[in-house]
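What follows is a single structure, written as structure tokens, with notes after it.
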Amino acid sequence: MMTRRVLACWVFCLFQCCQPVSSNICNNESEYSKFSKCCSKCPPGSYTRIECTAEKDTDCSPCDSGRFQSEWNTLDHCQLHKTCSGEFLIEKHGTSTSDTICQCPSGKHCVNKDCEICEDNEVCKLGYGVVYKEAGEEFMIPACEKCELGYFSNISSDLEPCRKWSDCGSLQMLEYGAATKDVKCGTPEPSSKVGLVTVIVLLSALLAIIILSFFINYGHNQDNRNKIRNAISRLLKKRIKVQTPIQELVMTENGRILTTAGDEDKSPEDGTQLLTV
Ligand SMILES: *[C@@H]1O[C@H](CO)[C@@H](O)[C@H](O)[C@H]1NC(C)=O
């Protein structure tokens with residue numbers, strides 16, 4: 001029985017009839033006392049269109065666009081959103097329950113919570129980064145602070161915080177970091193240079209071998225061939241016995257066919273003249 005009565009009371013409370021007319025105990029936030037009764041205030045986002053009377057409760061109306069009301073109220077209008085003019089920029093557009101929030105342009109900051117004036121940020125020198133420090137309730141201003149170990153700032157800036165040193169991962173740390181510079185990552189330079197030089201040397205050697213072997217095998221002039229062979233053998237400091245192939249015939253300019261030394265014991269054919277090279 002008791003619970004049913006409590007429930008009924010709550011239901012009545014919703015319609016603001018629960019409390020005795022003579023009592024002035026109203027909900028401070030959402031009601032006010034008038035005509036020896038509790039009249040409703042208007043909730044955030046609305047204003048009082050018609051005040052409450054002895055017979056009727058308050059008549060509320062939502063805020064028009066461009067206006068707001070952030071609290072329970074008894075006002076007959078909603079406030080205008082502020083405009084972010086001049087150098088101010090909009091940080092957050094206003095709603096029916098909140099005002100517009102303005103901010104200062106990049107590199108500047110508000111001097112107070114209401115952001116009435118913008119002030120230039122301090123420019124932090126190398127090794128220092130921008131940090132935002134509490135300067136009041138829900139109000140921060142930028143300041144310069146020395147980079148902690150593991151962080152760096154290699155630029156002079158009024159915006160940039162200290163940045164974390166790079167993580168070299170699979171690479172090697174070649175140079176330790178500092179407050180003013182990042183760590184240097186990479187593969188050790190000497191070994192990479194040696195590798196590059198080796199590749200270049202091998203490639204040039206291969207190219208030389210290809211070119212020389214071309215001359216040796218396709219050269220039409222015996223003298224040149226031998227010169228090349230001798231040059232190679234001198235180059236390699238190895239004594240290569242240059243053997244002239246047997247029965248190798250070479251046509252000279254005047255149409256005669258020459259044979260090499262190995263052909264001495266062979267008889268001439270078709271009347272060609274034999275010469276010893
Ligand atoms: C700052 O450090 C970063 C990361 O190592 C590098 O890319 C950049 O070039 C540096 N800037 C200057 C101005 O030294």
Side-chain angles (χ1 to χ4, degrees), residues 44 65-66 68 70 79-212 235:
S65 80
F68 77 103
S70 57
Q79 287 119 289
L80 273 171
H81 287 150
K82 80 169 153 195
T83 51
C84 304
S85 55
E87 64 178 334
F88 289 102
L89 306 168
I90 294 172
E91 183 177 325
K92 209 171 164 200
H93 285 279
T95 65
S96 67
T97 57
S98 67
D99 198 1
T100 301
I101 298 172
C102 301
Q103 64 175 3
C104 295
S106 175
K108 292 191 169 199
H109 63 274
C110 306
V111 293
N112 56 16
K113 190 164 186 258
D114 292 334
C115 202
E116 287 154 347
I117 299 169
C118 294
E119 202 175 62
D120 286 338
N121 289 358
E122 191 185 339
V123 177
C124 303
K125 57 184 179 182
L126 299 188
Y128 288 75
V130 176
V131 290
Y132 282 84
K133 287 193 159 174
E134 198 112 354
E137 201 189 324
E138 287 178 63
F139 176 60
M140 316 269 267
I141 55 168
C144 295
E145 211 162 72
K146 195 164 170 48
C147 298
E148 285 176 47
L149 183 67
Y151 290 80
F152 77 102
S153 170
N154 60 355
I155 46 168
S156 171
S157 167
D158 56 9
L159 291 173
E160 292 294 320
C162 294
R163 287 159 58 194
K164 222 173 165 22
W165 286 347
S166 295
D167 177 8
C168 288
S170 60
L171 294 174
Q172 209 169 313
M173 190 196 283
L174 300 177
E175 222 174 84
Y176 202 65
T180 54
K181 63 178 173 110
D182 194 6
V183 298
K184 216 167 157 188
C185 306
T187 46
E189 213 149 300
S191 88
S192 77
K193 251 183 195 164
V194 165
L196 190 66
V197 167
T198 308
V199 167
I200 289 171
V201 165
L202 285 177
L203 281 178
S204 357
L206 191 67
L207 195 66
I209 289 167
I210 290 169
I211 291 170
L212 288 173
L235 210 68

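Values reported hereafter were calculated over all heavy atoms of this structure, with side chains retained and with hydrogens, waters and symmetry mates removed. Note that ligands are numbered from 1 as they come in the structure, with each ligand's atoms numbered from 1 the same way.
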Please determine if Lys113 forms a cation-pi arrangement with Phe139, meaning its NZ or CZ atom is less than 6.0 Å from the six-membered ring centre and no more than 45° off the ring axis.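 Not satisfied by the 6.0 Å and 45° rule.
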
Closer than 4.0 Å and a protein heavy atom, does any atom meet both conditions relative to atom 9 (O) of ligand 1?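 There is no protein heavy atom less than 4.0 Å from atom 9 (O) of ligand 1.
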
Which residue holds the protein heavy atom closest to atom 4 (C) of ligand 1, what is that atom called, and what is the gap in Å?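 Its nearest protein heavy-atom neighbour is Asp182 OD2, 3.8 Å.
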
Atom 11 (N) of ligand 1: the protein heavy-atom neighbour that sits closest, reported with distance to 0.1 Å: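 Closest protein heavy atom to atom 11 (N) of ligand 1: Asn154 ND2, 2.9 Å.
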
Using a strict cut-off of 4.0 Å, indicate which atoms of ligand 1 neighbour a heavy atom of Phe152.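 Those qualifying, in numeric order: 2 (O).
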
Looking only at side chains, do Thr83 and Ser85 share a donor and an acceptor under 3.5 Å apart?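 No, no side-chain donor-acceptor pair sits under 3.5 Å.
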
Approximate separation, where rounding is to 0.5 Å, of Leu207 CG and Ile210 CD1: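 Output value for this atom pair is 6.0 Å.
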
Should the ring pair Tyr176 and Trp165 be called parallel, tilted or perpendicular, given that the plane angle runs from 0 to 90° and is split at 30 and 60?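 It falls in the perpendicular class, over 60°.
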
